[in-house]
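One structure is given here, and the rest of the page talks about it.
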Protein chains: 2
Amino acid sequence: MGSCLDKRDKIVLSNPSLDEAYIAIKSGISKRLNLVIIGKCVVDYEGRASSKLEAGERIVLLKSDGSIQIHRPKESMPVNWQPPGALFKTKLEKDRLHIRAYRKTKREVLEVEFIYILVVILIDLTDDAEFNLYASEEDMKRAILYEPSLLEEGFKPLTSEKKVKSGFIDIVGFDKNNVLTVAEIKKDMVNRDAILQLKRYIDSFNLAEKGKIRGILIAPRLGKDSQRLLSTLGFEFKRLSPQICAEILKKKRRKLMTEFLI
Amino acid sequence: MGSCLDKRDKIVLSNPSLDEAYIAIKSGISKRLNLVIIGKCVVDYEGRASSKLEAGERIVLLKSDGSIQIHRPKESMPVNWQPPGALFKTKLEKDRLHIRAYRKTKREVLEVEFIYILVVILIDLTDDAEFNLYASEEDMKRAILYEPSLLEEGFKPLTSEKKVKSGFIDIVGFDKNNVLTVAEIKKDMVNRDAILQLKRYIDSFNLAEKGKIRGILIAPRLGKDSQRLLSTLGFEFKRLSPQICAEILKKKRRKLMTEFLI
DNA sequence: TAATAAATGTCGTTT
DNA sequence: AAACGACGTTTATTA
């Protein structure tokens, strides 16, 4: 019935016939778009367990990575789903629109059988943003500059960012024995790349200094395989979780607020 | 821009202005409808943890029970969410449409800040259907270990899992005549593969024992073609439905709870 | 590929 | 509201 087609790869159908919906959904799946389908359906699942959901009106999400979720009007979790990597097939049969999601690896099948459809949306979404739980690397750096003992007792940071040939160094300062110390922060596990990056930074200091430089990798975890490379290069690892940094920053904000009020 | 209003309590807006979207969303929240909002947004969460998601295009689901989920175009789990019982508030400010979901009990706040909106759907969905989940093979095994008579009167199971060369045996024990008994569970029909798997398990016992071993296949059904192979190998079939196991386990949970209280 | 541990787990049940 | 267990848990990491 209602249909809107824009410059963007987007189609919105309101109260489509099953035929119209079928054509749209089939094309959406083949184009790997994201689909939202709202309608009355029956859902069957067969795999690790089996389930049967009788007819009712639901919101179905098909994502471009091959994941599917069936949402009832209540409850935060989908009543049925299939993780990424499922293969979608759709067909029109006996006045029902079927969507199947297979997962070969686990031998799981999810089938949604639509009796009528209220809305169909096909849309191409762009989302490359970073998701930071607790604190970003930037936040971790801020926390260390505010509370240098997070890195080590007696650590004295220099300017927050020092440019060297190969990029920007996260943290530069002097330890309690006044030894030049360079640190690289990672919000996830330290891997080979992070260690080599720190090496490039340290190599870019001039030769005279190089012997006296401490290299430290700061991260919540050290990859098992990275331990050896770390030792080889003579670097150190300091465990620091984004959670703790987030709390330090929260405390800092509170402190600033209090001081302001005095 | 595009808008469709039908007899049913349903509104679909395609490419609305933030003002149009705001009016619709506000009314949808107050009427406790289900909302689907697609658009570019920034998401902040502060509560048990904290998180920040930079701008990107996402699908946001607001349900009538006060739950909210933000879905990125990939990944089956929402990147941010709030369980049922949250309080939704929306406001228009500085060319941004804000939606906040508070959970007083856990002191959690989720904020979605829309930069532009591609689609808004308000819809009243009806879904009173029953959802039935039937047991998995693992559940069937648990049920038999809890209530061995499901397999046979007088059956005494041994350890829950016995490792043999070819894998793990589902059930091992002694029958009422103290004959060693090995059972393979299938939640569907018994087929050729299941029977041969049981054979491999039994073959992996040492020769001296082998003569005295009973082999039993436990499943809701026995495949027509499998009867002959079963007889040839001297195995038996015990009908057991996942539904019954599911009920036994439910009873067990209740009983454990009661015993705990004594 | 399988085993193990953590999760803003969620969900139901009972205290 | 808090505690405990189960889940088609999911997700990530390690062997």
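All chains are named by letter (A, B, ...) in the order of the sequence lines, taking the proteins before the strands, and each is independently numbered beginning at 1.
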Mind jotting down which residue pairs meet the salt bridge (charged side-chain N to carboxylate O under 4.0 Å, His left out) criterion with at least one end in residues 28-43 of chain B? Sequence neighbours excluded, please.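 Checked against salt bridge (charged side-chain N to carboxylate O under 4.0 Å, His left out) - neighbours excluded - no pair reaches residues 28-43 of chain B.
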
Neighbours of DNA chain D within residues 41-48 of chain A, by heavy-atom distance under 4.0 Å: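 A:Tyr45, A:Arg48 - these, ordered by number, are the residues of the stretch whose heavy atoms sit under 4.0 Å from the strand.
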
List for me each residue that meets side chain to side chain contact (heavy atoms under 4.5 Å, CB included) alongside B:Ser51, sequence neighbours excluded, and say none if there are none.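 Checked B:Ser51 against side chain to side chain contact (heavy atoms under 4.5 Å, CB included); matches are A:Phe131, A:Leu133, B:Tyr45, B:Asn80.
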
Heavy-atom contacts under 4.0 Å between residues 75-88 of chain B and DNA chain C, which residues?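 B:Val79, B:Asn80, B:Trp81, B:Pro83, B:Pro84, in order of number.
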
Salt bridge (charged side-chain N to carboxylate O under 4.0 Å, His left out) involving [X] - partner list, sequence neighbours excluded:
{"X": "B:Lys52", "answer": "B:Asp44"}
{"X": "B:Glu130", "answer": "none"}
{"X": "A:Asp127", "answer": "B:Arg58, B:Arg72"}
{"X": "B:Arg107", "answer": "none"}

Within the sub-3.5 Å range, which N or O atoms of nucleotides 13-15 of chain D have a protein N or O partner, and how far apart are they?
from	atom 1	to	atom 2	distance (Å)
D:dA15	OP1	A:Lys224	NZ	2.9

The dot-bracket string of DNA chain D, counting Watson-Crick and G-U wobble pairs with both distances under 3.5 Å, using [ ] for crossing pairs and | for pairs to another strand, is |||||||.|||||||

Grab the N/O contacts between the protein and nucleotides 4-6 of chain C below 3.5 Å, and write none if there aren't any.
none

Throw together a table of side-chain donor-acceptor distances under 3.5 angstrom for residues 112-124 of chain A, partners on residues two or more places apart or in other chains.
from	atom 1	to	atom 2	distance (Å)
A:Glu113	OE2	A:Arg96	NH1	2.5
A:Tyr116	OH	A:Glu57	OE2	2.6

